[in-house]
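Being a predicted model, the structure only gives us computed values, none of them experimental.
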Amino acid sequence: MRRQPGYRPWGEHGFAAALVTHGPAGSGSRMPLPDLPATMVSPITRAVLLLFGSLPVVANAQSSPDSSGAASDPVMLLPVVVTATRAPQTLADSIAQTTLFDQQDLADSNATDVAGLLALAPGAQITRNGGPGSSASLFLRGASSAQSLVLIDGVRVESAGLGAAQLSQLMLDQIDRVEVVNGNVSALYGSNAVGGVVQIFTKDGGNHPPRFNFETEVGSYHTQRQQAGANGALDKDGRTTFNVTLSREKTDGFSSIDPATSPNVNPNANGYLNESVSATLRHQFSDKWDAGVRFLQSNGINSFDNAYGQPTDDNESHNRVRSTSVFANGKITDNWTTHFTVAQGQDRADTQLNGVYNSKFNSENHQYTWQNDLALTPDHKFVFGYEHLDQTLDSDQVTAPDRHVNSGFAGYVGNIGANQFQANVRRDQYSDFGGANSYYLGYGYRFDAHWKATFSYSDAFRAPTFDDLYYPFSGNPSIQPERSHSLEAALQYASSTVGILRLTAFQTRYTNLIDYVSDGSGFFIAQNVGRAKVQGLEGSWQGHVGRTDVRASFTLQNPIDEINQQDLTRRARRFATLAVNRSIGGWRVGGEWITSGAREDFDSTLGGYGLVNLSARYDITKSWYVGARLDNVFNKDYQLAYSYNTPRRGAYITLGWQQR
């Protein structure tokens, strides 16, 4: 089990511990709630039943104040998120389904990369083509990886050829927190934000003298992991802060493809090496202006199998994900804040066969953003700005012209009595196919201090990738963006006593889907001919029962290809997760349960599965700690993609130190 620098156990009030966010302005934000009744002391089993079958019982299960008339809980601070509106708001105030993984969640998770972490997000399914470092796909509310946007500190890092980011190359050692917004939000972020947005935030420095930390881990498959970092202030006033983190992970892995299904694959183990670095430097010039730079780079070398090669073939993929941004934030007036960002996102994927260079797909996203936050009153806030994106693809397989995108966006968030409003519009003008408009309309009604209902209707799009447009013998320069329309209704209960419980019904209709159609001469050409519909019910709980922190979710959905009248590939109709963690003295113990129903994978059906992971950590001293995790406790044999193997039971031991 990993523990991040600056970690402290949540203890009794886990969920409601303060979270300091980057925020668009880069300053920390804390939003207090009034005193609420004492914590609930029900067993975990009852809590899960309350979530999924009897929400009103939770509302009435709180203790009353003590005899003195004072509430027994202190003032709580609920987490602040920024992705659902492009501006800070408490997690409970978000109209869109929003999930937060903070430092505590990352420390508790058995995952080592972002793909593994997202398996615990409501509505999210992860598939992998093998072990660590192998290609991983995110299906968020039934949308494909290319239909869900991934940002690092607001920077696009997807491949211009495929349209998806390399989630398996992003190590949790480098990350401060992750926010996931489900549903169409193209009106905020443009193309790809159909299934939702995953925004990854790297670590900031703190206002304290420089502190150092390191961690090392060994385990199954000859896995070795090392991480070292430093963070703090460079001056006595704390105006200049920094963070630097280095990490390395190496594993021998296992054979990615089962030779029983593909006799021509090399049966040797497919190993992985990752070396990553992240850094942040920020300076506060005055009470109104700050500026800085953020950097993250992850280099991975992954051995992989080819089902159509020779049993002696040695295939390697050399991958890189990089995000670099320079930012400045300032207050023009007391009510007007402005943000400038110049950034570059990079995705590189070069392959080798038997030590000889084979292919390359290297993408770059140059992004320029100017955003303004205007608060007319505390209850009425506007966001508006301009964004420019230059996309390039350097490949020996595809020849594509550079893409230039000019975008304008505007949004409003307001409260009138018990009514909550959100409205966003955006126009994206592309140099290669034209323009696309998108919008988001959201409404919430608060029944009381804890209960609210929300409704939203939204329009989103996915721009054709360079492969869709220009790949030899299959690309089609005349195709248009995919479109989608979503309708969503939710009921939410939120308090610092139990956290946030939410039940959401959603429907997304896809039109103009890009599919590859035979031209009669043996080639398949990209065409706008597909239609799909995903309807579902999604439940989530992020909070605690007494001193036990709980994260739970379930999804029941109907992901249908309306042209062929069959389930969308690799999407389960039902899946669920549960993560439970508890601090006991110097110990932190926890477990995860991840389960999924059957999935269709082209001409095969993948069976359902259920995985259990366990973890524990013990503080030896104030600085030294030791941890252990056990993955796939019951040694389940399962598949996330047809013919691809998955890891069996694995055990890992961690030793770490943090300067105090």
Side-chain angles (χ1 to χ4, degrees), residues 15-16 19 21 23-24 29-34 36 55-56 58-59 76-100 122 179-189 193 196-197 335 337 373-384 409-426 438-460 486-507 538-543:
F15 175 81
L19 173 69
T21 75
S29 301
R30 297 171 184 251
M31 296 194 179
L33 289 185
L36 292 171
L55 288 176
V58 178
M76 299 293 183
L77 297 173
L78 284 184
V80 175
V81 292
V82 299
T83 307
T85 61
R86 299 189 67 123
Q89 62 176 172
T90 63
L91 185 61
D93 282 341
S94 175
I95 291 178
Q97 164 68 49
T98 303
T99 303
L100 170 68
E179 296 179 12
V180 183
V181 178
N182 293 16
N184 289 3
V185 284
S186 281
L188 284 84
Y189 297 102
V197 172
N335 300 324
T337 305
D373 303 339
L374 183 63
L376 297 183
T377 70
D379 286 329
H380 299 279
K381 300 175 182 179
F382 291 87
V383 173
F384 60 94
F409 58 88
Y412 164 75
V413 174
N415 295 279
I416 301 176
N419 301 282
Q420 182 182 4
F421 303 93
Q422 180 178 342
N424 298 88
V425 294
R426 182 175 173 118
S438 48
Y439 58 85
Y440 179 95
L441 299 174
Y443 172 75
Y445 182 80
R446 300 181 182 89
F447 299 102
D448 56 29
H450 303 298
W451 288 92
K452 80 169 181 179
T454 63
F455 307 89
S456 67
Y457 183 70
S458 55
D459 169 272
S486 286
L487 185 64
E488 179 178 322
L491 181 64
Q492 175 180 289
Y493 176 86
S495 78
S496 60
T497 306
V498 296
I500 300 176
L501 301 97
R502 188 179 179 106
L503 187 65
T504 305
F506 63 90
Q507 174 180 284
E538 185 178 86
S540 65
W541 177 19
Q542 183 176 348

Measure the spacing between CG of D93 and NZ of K452 and express it to the nearest 0.5 Å. 5.5 Å
Check V197 against A193 and note the closest heavy-atom contact, atom names and distance. CG2-CB, 3.7 Å
F421: what forms a ring-ring contact (aromatic ring centres under 6.0 Å, His included) with it, not counting sequence neighbours? Y443
Can you name the nearest heavy-atom pair linking Y440 to S458, along with the distance? CD1-CB, 3.6 Å
Can you check whether L91 reaches V80 side chain to side chain, under 4.5 Å on heavy atoms? no
For a quick test of reading the model, state the closest non-hydrogen atom pair linking I95 to G442 and the distance between them. CD1-C, 3.8 Å
Taking only residues two or more places apart in sequence or in another chain, which ones pass side chain to side chain contact (heavy atoms under 4.5 Å, CB included) with D379? T377, N415
Find the distance between OG (S540) and CG (L501) and round it off to the nearest 0.5 Å. 7.5 Å
Are N184 and Y457 packed together at the side-chain level, in the sense that at least one heavy-atom pair is separated by less than 4.5 angstrom? no
Rounded distance (nearest 0.5 Å) linking atom OG of S438 with atom CZ of F409: 11.5 Å
From D459 atom CG to N424 atom CG, the distance as rounded to the nearest 0.5 Å: 12.5 Å
Grab the two heavy atoms, one from Y445 and one from N419, that are nearest each other, plus how far apart they are. CD1-OD1, 3.5 Å
Keeping Q492 on the side-chain end and A92 on the backbone end, is there a donor-acceptor pair under 3.5 Å? yes
d(Y412 OH, L441 CG) to nearest 0.5 Å is 13.0 Å
ring-ring contact (aromatic ring centres under 6.0 Å, His included) against F384, all qualifying residues, sequence neighbours excluded: none
Between R426 (side chain only) and Y439 (backbone N and O only), is there a donor and an acceptor less than 3.5 Å apart? no
Among all residues two or more places apart in sequence or in another chain, which pass the side chain to side chain contact (heavy atoms under 4.5 Å, CB included) test with A490? T454, R502, T504
Has T98 got a side-chain atom pairing as donor or acceptor with A96's backbone, closer than 3.5 angstrom? yes
Taking every heavy atom of L503 against every heavy atom of G539, the minimum-distance pair comes out as CD1-CA, 4.1 Å
Are F506 and N182 close enough, and set up right, to give a side chain to side chain contact (heavy atoms under 4.5 Å, CB included), and what steps lead you there? CA-CA 10 Å; F506 63 90; N182 293 16; over 6 Å; no
Could you grab the distance from atom NE2 of H380 to atom CD1 of I416, nearest 0.5 Å is fine? 5.0 Å
Please check if the side chain of E488 supplies one atom and the backbone of S456 the other of a donor-acceptor pair under 3.5 Å. no
Does L376 reach the side chain of L374, with side-chain heavy atoms less than 4.5 Å apart? yes
Between A489 and F455, what is the shortest heavy-atom contact and its length? CB-CD2, 3.8 Å
Spell out, as yes or no, whether a donor-acceptor pair under 3.5 Å connects the side chain of W541 to the backbone of G499. no
T99: side chain to side chain contact (heavy atoms under 4.5 Å, CB included) partners, not counting sequence neighbours: Q97, F101, P122, V180, Q542, R551
Which residues pass the side chain to side chain contact (heavy atoms under 4.5 Å, CB included) test with T85, not counting sequence neighbours? A87, Q89, V413, Q422
